[in-house]
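I have placed the structure first, in the form of structure tokens, so that the comments after it can refer back to it.
We count residues from 1, following the sequence as given. Remember, predicted model here, so these are calculated numbers, not experimental data.
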Amino acid sequence: MSELRKGIPKGKIRVIGVDLFSHEDYVVKDCDTRDEAFQLADEANKKRTGSMDDVYYVYDDTGKYLRGEEAVKELTGGLGVSP
């Protein structure tokens with residue numbers, strides 16, 4: 001488990017960005033609600049234009065994966081970044 005998925009404050013939902021070029025991840029924000037985190041990650045993932053653009057994931061306070069780039073494909077009817 002990534003270090004960024006540990007130590008998430010109790011009751012918070014964390015958005016993590018992953019730089020696919022450097023393979024480094026970083027905290028974008030610890031959100032108060034799932035909706036806030038999902039919106040933040042979805043909007044950032046919608047802006048991806050290339051397969052190496054940063055990708056954004058959402059985790060709960062136990063480090064459990066909640067959402068990622070696949071949500072954008074579902075929301076847009078399958079449109080997304082080409083591999």
(message) Test of understanding: with ring pair (Phe, Tyr, Trp, His ring centres under 6.0 Å), list the residues that count as partners of Y59, not counting sequence neighbours.
(response)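 Testing Y59 for ring pair (Phe, Tyr, Trp, His ring centres under 6.0 Å), a comparison that skips the adjacent residues, returns Y65.
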
(message) According to ring pair (Phe, Tyr, Trp, His ring centres under 6.0 Å), who are the partners of Y26, at least two apart in sequence or on a separate chain?
(response)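 Residues passing ring pair (Phe, Tyr, Trp, His ring centres under 6.0 Å) with Y26: none at all.
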
(request) Please say which of D60, D61, D32 ends up in a salt bridge (charged side-chain N to carboxylate O under 4.0 Å, His left out) with K12. (result) D32

(message) Would you say that more than 12 heavy atoms from the other residues, nucleotides or ligands in this model lie under 6.0 Å from the CD of E36, or not?
(response)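 More than 12 heavy atoms, drawn from other residues, nucleotides or ligands, come within 6.0 Å of this atom.
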
Side-chain heavy atoms of [X] within contact of [Y], under 4.5 Å:
X	Y	value
R14	P9	yes
C31	L40	yes
Y57	V18	yes
V28	I16	no
V55	R48	yes

(request) Heavy atoms only: give me the nearest Y56-G17 pair and the separation to one decimal. (result) CD2-CA, 3.7 Å

(request) Please report the shortest heavy-atom distance between N45 and D54, naming the atom on each side. (result)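 What the structure gives for the nearest pair is OD1-O, 4.5 Å.
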
(request) Can you measure from NZ (K6) to CD1 (I8) and round to the nearest 0.5 angstrom? (result) 11.5 Å

(request) Answer with yes or no whether the hydrophobic clustering places L4 together with V58; edges join I, L, V, M, F, W, Y residues whose side-chain heavy atoms lie under 4.5 Å apart. (result) no

(message) Is there a side chain to side chain contact (heavy atoms under 4.5 Å, CB included) between I13 and D30? Walk through the geometry before answering.
(response) CA-CA 6 Å; I13 307 295; D30 288 334; over 6 Å; no

(request) State plainly whether the residues R67 and D42 are in salt-bridge range, i.e. N to O under 4.0 Å. (result) yes

(message) Pairing donors with acceptors under 3.5 angstrom, does anything connect the side chains of D35 and T33?
(response)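 No - no donor-acceptor pair under 3.5 Å links their side chains.
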
(message) For K47, give me all partners under salt bridge (Lys or Arg N to Asp or Glu O under 4.0 Å), at least two apart in sequence or on another chain.
(response)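 For K47, no residue satisfies salt bridge (Lys or Arg N to Asp or Glu O under 4.0 Å) once neighbours in sequence are set aside.
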
